[in-house]
Amino acid sequence: MPELPEVETVRRSLLPVVIDKEIQEVEIFLEKAVRPIAPEELKLALIGRKIEDLLRRGKYLIFILDNSQRVAFHLRMTGKLLYKAGLSAPEKHTTLILSFSDGNSLHFVDPRKFGTVVLYEPANPPAGLKKLGPEPVADKKEVVLFSLKTAASRRKGPIKGLLLDQTVIAGLGNIYADETLFRAGVHPTCPAREITAQEWERIYQSIQEILTKAINHRGTTRQDYVDGRGEPGEYQNYLNVYGRKEESCLVCGGTINYTRVAGRGTHYCPNCQPLKKV
DNA sequence: GAACCCCTGGTT
DNA sequence: AACCAGGGGTTC
């Protein structure tokens, strides 16, 4: 599942090969992925444009075109953006292909068909992008902590749900939310409004350390995720709790629990992440 | 703010 | 054959 470190890795892998490329052809195989305009409109808008930059915001990848319009891709769970050298036939589940005038192309492949492509003007970003909370690593600590604490004071639900809320903090998904709470020693069902100042500090630090390390290891590959060159990541070798149901905790030797929190499968160590007594 | 939905492939 | 994975939009 591409979360912030995976999307950032895709960005870094694609940037050198797409920059200054001219889009010569656009093939759309899954029309419902294109929003909010008709697929034909997207083709007309893109053909002849050059890519000037590639940015990331939360889990969105954003192509900046030479007329200042932007194209945002969201990979959702199984989306892949693959750079292909030379002529290459679309593989199964290809949503869209951008072909460049140099003969190479970019394939958006997405088995689950949840991924989206949005064309927009900088002044009118799509709602999901506009509503995103702060960038956990790039934004200032006080901005990130203020967003977390403010949201926490207004809601009843568990801390895990808060970390997954993209309008509160951008880019964490199920893997990194579980890993963050383990590292911070906070139980995932702890009500967000009961998190102490000391715990907020640990949660913030854990987010920094985990996301930075995950980016350095080029993301987590479990089933689907690969970067723009088709390369898997390595951070799966550093996971402490995610996907380790019933296995022993690498810190205390206890057993990793698996339960459902905020609608998501949730992994935690009951010993390292104790529930606070009231 | 929870429940449901979108989807397919892998697992039970 | 049924069930599960889960990001985010929609709906209640």
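Just so it is clear: chains get the letters A, B, ... in the order the sequence lines come, proteins before strands, and each one is counted from 1.
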Requested in this report: Assign each of A:Y258 and A:Q166 to its nearest nucleotide of DNA chain C by heavy atoms, then name whichever residue's nucleotide is nearer the 5' end.
Outcome: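 Here A:Y258 is the residue nearer the 5' end.
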Query raised in the report: Between A:G128 and A:R260, which has a closest nucleotide on DNA chain C that is more 5'?
Result: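 Mapping each residue to its closest nucleotide by heavy atoms, the 5'-most match is A:R260.
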Query raised in the report: Near A:K245 NZ, under 6.0 Å, is it more than 12 heavy atoms from other residues, nucleotides or ligands?
Result: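 Incorrect, the count does not exceed 12.
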**Report entry** Residue A:K213 excluded, over 12 heavy atoms near NZ under 6.0 Å
**Finding:**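 It does: A:K213 NZ has more than 12 such atoms within range.
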Query raised in the report: First and last nucleotide of DNA chain B touching chain A, 5' to 3', heavy-atom cut-off 4.0 Å?
Result: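 The contacted stretch runs from B:dG1 to B:dG9.
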Query raised in the report: When the nearest nucleotide of DNA chain B is assigned to A:Q223 and to A:R155 on a heavy-atom basis, which residue is associated with the more 5' position?
Result: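 Closer to the 5' end of DNA chain B: A:R155.
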**Report entry** Given DNA chain B, 5'-ward residue of the pair A:K156 and A:R264, judged by closest heavy atom
**Finding:**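 The residue mapped nearer the 5' terminus is A:K156.
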Query raised in the report: Can A:K130 and A:Y120 be counted as having a side-chain donor-acceptor contact under 3.5 angstrom?
Result: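 Absent: no donor and acceptor within the cut-off.
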Requested in this report: Could you tell me whether the side chains of A:T220 and A:Y176 share a donor-acceptor contact shorter than 3.5 Å?
Outcome: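 Yes, A:Y176 and A:T220 have a side-chain donor paired with an acceptor closer than 3.5 Å.
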Mind calculating the distance between [atom1] ([X]) and [atom2] ([N]) to the nearest angstrom?
{"X": "A:L132", "N": "C:dG8", "atom1": "CG", "atom2": "P", "result": "8 Å"}
{"X": "A:F114", "N": "C:dA5", "atom1": "CZ", "atom2": "P", "result": "14 Å"}
{"X": "A:R35", "N": "C:dG8", "atom1": "CZ", "atom2": "P", "result": "13 Å"}
{"X": "A:L75", "N": "C:dG9", "atom1": "CG", "atom2": "C1'", "result": "17 Å"}
{"X": "A:D165", "N": "C:dG7", "atom1": "CG", "atom2": "C1'", "result": "12 Å"}

Query - Span that lies between the C1' atom of B:dG10 and that of C:dG8, in whole angstrom - result: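 Their C1' atoms lie roughly 23 Å apart.
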Query raised in the report: With respect to the phosphate group of C:dG8, does any side-chain polar atom (N or O) of A:H74 fall under 4.0 Å of OP1 or OP2?
Result: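 Result: yes.
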Query - Mutual orientation of the aromatic rings belonging to A:F63 and A:F73 [parallel < 30°, tilted 30-60°, perpendicular > 60°] - result: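 Perpendicular: the ring planes of A:F63 and A:F73 meet at over 60°.
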Requested in this report: Tell me, with the steps shown, if A:E121 and A:N124 meet side chain to side chain donor-acceptor pair (under 3.5 Å).
Outcome: CA-CA 5 Å; A:E121 301 282 350; A:N124 291 309; over 6 Å; no
